[in-house]
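Counting starts at 1 for both ligands and their atoms, in listed order. For the single chain, residues carry numbers from 1 onward in sequence order.
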Amino acid sequence: MTKVLFAAAEAAPFYKTGGLGDVSLALPQALRAAKTTIRVVIPYYEALFPEKYRDQVKDVLHFTVQVGDKAQYCGIKTLKLAGLTYYLIDNQDYFGREGLYGYWDDGERFAFFQMAICEMLERVDYIPDVLHLNDWHTAFIPVLLKEKYYWIKAYRHIKTVLTIHNMQFQGIYDPIILDSLFKIGWQTFNEEGIAFYGQVNFLKAGINFADAVNTVSPTYAQEIQTPQFGERLDGVLRANQGKLSGIMNGIDMKLYDPATDAALTATYTAKDLAPKALDKAALQTAVGLPEADVPVLGVVSRLTTQKGMDLLLDALDDFLKAQSAQVIILGTGDPALEHAFEIYQLAYPDQVAAQIKFDVKLAQQIYAGSDIFLMPSAFEPSGLSQMMAMRYGTLPLVHLVGGLKDTVVPYNEYTGAGTGFGFDDYTPAVLRKMMTMAVNLYTQDPTAWRQLQQQAMLPDFGWAKSAKKYQQVYQTIMS
Ligand code: ADP
């Protein structure tokens with residue numbers, strides 16, 4: 001029986017800043033349901049840890065981790081949730097902060113985290129066959145196993161899988177950290193190893209040294225091998241093509257279910273979509289828009305250029321002038337983009353609602369209460385929101401890249417096929433044209449619209465299929 005440890009910097013329901021948090025909850029559970037022995041390790045961000053799980057946290061043991069010349073306290077806590085064992089790595093200095101990331105010493109914080117994971121394995125007596133790593137925060141572990149912990153015999157059989165959720169974040173630091181944090185030599189500091197334009201690159205390290213690498217959709221796995229999407233690692237990825245694959249993320253089909261979702265005013269199914277209108281009215285009221293019978297376009301997103309929010313802003317003015325549609329934006333991110341949406345709300349108070357916050361309940365209400373879900377991402381490793389929208393019979397309008405291309409079937413006006421709308425050319429004019437096309441279809445052809453909604457609600461976006469593919473990856477590297 002394959003024994004797996006899944007390591008990530010965040011996992012819902014404890015902490016989530018985006019897709020990584022969702023995946024770190026759902027994938028281990030799906031693997032467990034598919035009979036993989038799996039546990040999860042994440043940091044213990046004490047200030048952010050939800051009150052409702054606090055009582056269940058137990059201390060296991062503690063030891064010190066040598067971070068350069070500093071001996072740092074490392075507490076291991078544990079809790080069980082839905083049958084899954086979590087290890088929480090505790091160090092107040094590193095993780096007892098207001099937020100998850102974005103600190104000047106993130107390199108040191110996640111250097112500590114990765115060494116703590118390695119040093120924890122034998123102490124908690126859970127030495128996995130496969131260490132499943134996620135993003136740059138854990139991507140340096142294969143190097144540590146090779147260069148720092150090679151002397152631990154019990155670790156020698158451990159294989160590593162690196163899942164890349166976003167190529168944009170790589171963890172790039174001065175090579176001095178090899179000595180000042182890790183206390184390893186310079187043997188791997190070369191182009192075939194961990195060196196990147198004179199710096200150490202954690203993600204590159206993982207790509208070169210993990211036994212298998214995957215991204216979270218098949219199309220993104222192809223795209224990142226090109227300069228346009230590779231974030232300067234396309235050459236490294238091409239060189240590692242043989243161990244690179246793309247496995248589509250899923251969503252929790254039980255949690256995101258319009259038939260049972262407690263966050264909704266009215267529940268509904270593909271067969272009976274009528275109550276969805278009540279959710280739309282409730283949403284309009286909740287965000288302060290008039291309860292009008294006009295198409296509602298929703299956005300739930302980090303407000304960044306990756307998510308195409310600059311493109312949307314460029315398209316919005318002409319669109320709003322020409323159409324009596326409403327646009328509801330929920331998100332946080334780049335302050336300039338946040339501000340720009342707020343300005344739109346002031347300029348178009350009956351058409352635009354800008355909700356600048358992180359609000360999971362309102363997110364569900366937008367997935368359910370909108371007619372169209374906008375996701376014009378410049379690039380999209382997987383994207384979960386478009387699947388959530390489809391699940392709620394809200395048609396996604398997407399830039400056909402990465403996971404968006406893999407999950408949304410663009411509307412074909414001749415055959416009536418489709419589960420949403422898609423565009424290729426990444427310009428504001430094309431986005432506006434597509435938005436106009438979608439709202440026209442909505443207002444002029446309710447029958448075609450209903451058919452598209454039903455088609456969108458049909459696919460099984462659950463995790464079971466993906467879990468099988470991860471199991472195959474585990475099998476391949478172990479044999
Ligand atoms: P990414 O991980 O790149 O941010 P994804 O589409 O993969 O994008 O996942 C985003 C997840 O975060 C979805 O579950 C989405 O509903 C949620 N989300 C994003 N912004 C907000 C917000 N402001 N409030 C609530 N949920 C949000």
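Here Phe95 and Tyr44 keep their ring centres 6.0 angstrom or further from each other.
Atom CZ in Arg32 sits 15.0 Å away from atom CZ in Phe6 (nearest 0.5 Å).
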Side-chain donor/acceptor pairs under 3.5 Å, residues 453-460, sequence neighbours excluded:
unit_1, atom_1, unit_2, atom_2, d
Gln453, NE2, Gly393, O, 3.0
Gln454, NE2, Ala270, O, 2.9
Gln455, OE1, Gln451, NE2, 2.8
Gln455, NE2, Gly416, O, 3.3
Gln455, NE2, Gly418, O, 2.7
Asp460, OD1, Gly462, N, 2.8

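By the salt bridge (Lys or Arg N to Asp or Glu O under 4.0 Å) test, Asp105 pairs with Arg97, sequence neighbours left out.
Closer than 4.0 angstrom to ligand 1 sit non-hydrogen atoms from Lys16, Gly18, Gly19, Asp22, Val300, Ser301, Arg302, Lys307, Leu330, Gly331, Lys357, Phe358, Asp359, Val360, Ala363, Tyr367, Met375, Gly383, Leu384, Ser385, Met388.
Sorted by first and then second residue, the ring-ring contact (aromatic ring centres under 6.0 Å, His included) pairs involving residues 339-367 (not counting sequence neighbours) are Tyr367-Phe373.
Residue-environment remark: CG (Asn412) exceeds the threshold of 12 foreign heavy atoms within 6.0 Å.
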